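Computed from a predicted structure; not experimentally measured. Read the numbers this way: they start at 1 and go in the same order the structure lists the ligands and their atoms. Only this structure's heavy atoms are used, side chains among them; waters, hydrogens and symmetry mates stay out.
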Amino acid sequence: MRTVSPTSRLRGRVRVPGDKSASHRAILISALADGESALEGLSRGDDVACTADIVEHLGATVTWSGERLYVTGPPGGLSPSDAPLWCGNSGTTMRLVSGLLAAVPGTHHLAGDPSLSSRPMDRVAEPLERMGASVSGTGERVFAPLTIEGRRPLRAIHYEVPVPSAQVKSALIFAGLGGDGTTVITEATRTRPTTEKMLLEAGVDVVVDESGTGRVVRVRPSRPQPHTWRVPADPSQAAFFVVLGALHNDAEIVVEAIDDAPERVGFLTVLSRMGARLELTPANGGLEVLVRSGELVATDIHSSEIPSVDEVPILAVAAAAATGRSHFRAMAELRLKESDRFAGSLRLAHLLGCEVGSTGDDFWIEGVGSAQRFSHLSIDAGLDHRMVMSSAVAGVSGRGADIEGESTVSSSYPHFFDNLEELTR
Ligand code: S3P
C-alpha cells in the first residue's frame with residue numbers, strides 16, 4: 001500500500017515519460033525494417049518493455065546503450081517464436097502485435113496478466129480473420145491467451161472500425177503492410193494518428209484523408225525503412241500533473257513539452273472550459289503547459305473530445321473538486337480499459353465525498369467545490385496505473401490517500417511518485 005500525504009505547496013517542472021503509444025510503434029516499426037534504427041526518449045515502463053521483448057523473440061536485435069535503444073529488424077523479416085509472447089498489462093502490445101503477426105506465417109501465442117486477459121480481443125480478431133489470419137482465444141469476445149495463425153499475403157480489405165480505437169486501427173494498418181493490395185480503414189471518430197504518422201516517416205505508402213469527424217487510412221504492402229526516432233513526451237501522463245496544478249490550492253507547475261496532436265490534448269480544452277489557469281507555449285516541437293491553482297467549475301464532456309478516454313479518471317478528479325455537476329457522456333469504452341474505469345471513476349469521486357450517478361453510458365459527478373473538501377481516500381486501484389495516479393493526485397491536493405495496487409504505475413510511469421514528490425520540495 002502507498003500512503004500519499006496532503007501537501008501545502010507545489011512548485012516545479014515535470015518532464016513526463018516518452019509517449020507510450022509512440023514508443024510501442026517505434027519498436028514495432030523498427031523491427032519490421034531491414035537494418036538498424038535508433039530510438040530516443042522511449043517510455044521506460046513495463047508495457048513498452050514487453051513490446052521490446054516480443055520483437056526480440058521474433059528475431060529482431062534489441063540493444064540499450066545509455067538512453068538510446070537500437071532495434072535491428074532481420075533482413076528476411078520477423079519469424080515465429082516457440083515461446084508464448086508476454087504482453088503483461090498492455091492492451092496496445094497485444095492488439096498491435098496481433099496485427100503485425102497476422103502477416104507473419106506460422107503459429108504465435110500471446111498472453112497477458114489477469115487485467116489484460118479480461119479485455120476483449122474480438123475487435124482485432126474479427127477483421128484480422130477477414131484478412132485471412134486465424135485468431136483464437138477464450139469465449140465469444142476472444143479473451144487472451146491468444147493463438148494466431150499468420151499468413152502472407154493477407155487479403156487487403158476495406159474495414160470500418162466499429163468503435164473509436166487507435167489500437168484496432170493500428171493493428172489493421174500493421175496487417176495491411178502484408179496485404180495483397182490496398183487495405184482501407186475508416187474511423188468515424190478521429191483517434192490518435194501515431195501509427196500513420198510514424199509509418200509515413202519510415203517511408204511506407206500510407207495515405208490519410210480526413211472525412212467529416214473521421215478519417216480514412218489507405219495502406220499498401222511495404223517494408224518500413226530504418227529510422228532515428230525521437231519520441232515526444234506523453235500527454236496522457238502530463239494530464240495528471242496538469243489536473244494536480246489546477247485543483248491544488250497553492251500550485252505552480254510547468255509540464256515540459258508534450259506531443260500536441262489534437263487527439264491527445266482534448267483534456268486541456270476540457271480543463272480550460274472548467275476555468276483552469278493554463279498557459280500553453282509551443283516548445284521543442286510540442287506544447288509546454290504552465291498551470292496555476294484556480295477554482296474549477298463543472299462541465300459537460302463527450303468522449304469524442306478525448307478519444308481513447310485515457311484522461312477520464314483524472315478529469316473525474318477535476319470534476320470532483322469543481323463547483324456544480326459535470327456530465328461525462330458516451331463513455332462505454334471506459335469499461336474496457338485496464339480496469340472498468342467507468343465504475344472506477346464513479347467510485348473514486350464517491351470516495352472523495354461526491355454525489356454521483358449514471359444512466360446507460362453516461363455518468364455525472366456533483367463536485368464538492370474544492371479539493372480541500374475531499375474526504376480522505378482509501379482505495380484499491382487494482383491492476384490499473386491510471387486509477388493509481390488519479391487517486392494520488394486527489395490525495396496530495398485533498399486529505400491524503402491510502403492506495404492499494406500502487407506498484408502498477410510501473411506499467412507506464414515508473415517514476416510517477418518521484419516526480420510527484422519533487423514538486424513538494
Ligand atoms: C492506445 C490506444 C488507446 C489508449 C491506450 C493507447 C494506443 O486505446 O487507451 O492507452 O497506443 O493505440 P483505444 O484503442 O481505445 O483507442
Side-chain angles (χ1 to χ4, degrees), residues 16-29 42-43 45-48 50-51 87-100 112 115-116 119-127 159 161-175 185 187-199 214-215 217 231-232 234-240 259 261-267 303-315 330-342 344-345 361 383-390 408-409 411-413:
V16 298
D19 183 41
K20 194 152 70 75
S21 294
S23 299
H24 287 294
R25 286 149 173 91
I27 292 169
L28 294 173
I29 295 170
L42 288 180
S43 159
D46 299 341
D47 285 10
V48 170
C50 283
T51 297
C87 304
N89 189 247
S90 174
T92 307
T93 304
M94 187 167 274
R95 295 192 176 123
L96 269 54
V97 168
S98 295
L100 182 147
S115 150
L116 182 54
R119 299 178 66 186
M121 294 297 145
D122 52 349
R123 53 183 57 198
V124 287
E126 198 258 328
Y159 191 73
V161 184
V163 286
S165 169
Q167 292 174 350
V168 176
K169 172 179 66 177
S170 303
L172 300 181
I173 296 174
F174 279 117
I185 304 143
E187 55 181 7
T189 301
R190 283 196 272 279
T191 64
R192 64 191 68 186
T194 326
T195 307
E196 304 89 291
K197 276 167 79 172
M198 292 177 73
L199 281 173
R215 201 176 262 141
V217 181
V231 172
D234 194 325
S236 305
Q237 310 294 24
F240 297 104
D259 180 13
E263 296 83 356
R264 303 300 302 280
V265 293
F267 71 95
S303 57
S304 57
E305 267 190 288
I306 33 173
S308 298
V309 295
D310 286 347
E311 297 80 23
V312 170
I314 191 62
L315 288 174
M331 294 289 164
E333 280 295 303
L334 206 52
R335 297 194 174 92
L336 303 174
K337 299 292 176 178
E338 285 82 331
S339 68
D340 176 352
R341 291 183 186 154
F342 190 103
S345 300
D361 295 332
L383 283 172
D384 193 330
H385 54 131
R386 295 197 206 281
M387 296 312 300
V388 173
M389 294 188 274
S390 300
T408 191
V409 295
S411 65
S412 70
Y413 199 159

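At the top of the distance list for atom 10 (O) of ligand 1, counting protein heavy atoms only, stands D310 OD2, 2.8 Å. The single protein non-hydrogen atom nearest to atom 14 (O) of ligand 1 is S165 OG, 2.6 Å, given as residue, atom name and distance. Among all protein heavy atoms, the one lying closest to atom 11 (O) of ligand 1 is S21 OG, 2.6 Å. Atom 12 (O) of ligand 1 has R25 NH2, 2.6 Å as its closest protein atom, hydrogens excluded (heavy atom only). Annotation: atom 2 (C) of ligand 1 to nearest protein heavy atom, Q167 CG, 3.5 Å. In this structure, atom 6 (C) of ligand 1 lies nearest to the protein heavy atom T92 OG1, 3.4 Å. Among protein heavy atoms, the minimum distance from atom 8 (O) of ligand 1 is reached at K337 NZ, 3.2 Å. The nearest heavy-atom contact from the protein to atom 3 (C) of ligand 1 is S308 OG, 3.3 Å.
Across all non-hydrogen atoms, the minimal contact from V231 to A22 is CG1-CB, 3.9 Å.
Checked against a 3.5 angstrom limit, the closest N/O atoms of A166 and ligand 1 fall inside it.
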Discussion item. Evaluate D310 against R264 for salt bridge (Lys or Arg N to Asp or Glu O under 4.0 Å), listing each step before the verdict.
Written reply: CA-CA 9 Å; D310 286 347; R264 303 300 302 280; 5.5 Å; no

Practice prompt. Would you check, one step at a time, whether the test side-chain contact (heavy atoms from CB on, under 4.5 Å) holds for V312 with R341?
Written response: CA-CA 8 Å; V312 170; R341 291 183 186 154; over 6 Å; no

Fill in: Derivation and outcome, side-chain contact (heavy atoms from CB on, under 4.5 Å), residues I314 and R386
CA-CA 8 Å; I314 191 62; R386 295 197 206 281; over 6 Å; no

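Residue R123 does not touch ligand 1, judged by heavy-atom distances below 4.0 Å.
Rounding to the nearest 0.5 Å places NE2 of H24 at 8.0 Å from CD of Q167. Note that CG of D384 is 10.0 Å distant from CG of D340, once rounded to the nearest 0.5 Å. In this structure, E196 CD and R215 CZ are separated by 6.0 Å, a value rounded to the nearest 0.5 Å.
In this structure a side-chain-to-backbone donor-acceptor pair under 3.5 Å is present from S303 to A330. A side-chain donor-acceptor contact under 3.5 Å links D234 to the backbone of K20.
In this structure, R192 is part of the shell of residues with a heavy atom less than 4.0 angstrom from ligand 1. Contact analysis leaves R341 out of contact with ligand 1, as no non-hydrogen atom separation drops below 4.0 angstrom.
With ligand atoms numbered from 1 in the order given, ligand 1 contributes 10 (O) to contacts under 4.0 Å with heavy atoms of R386.
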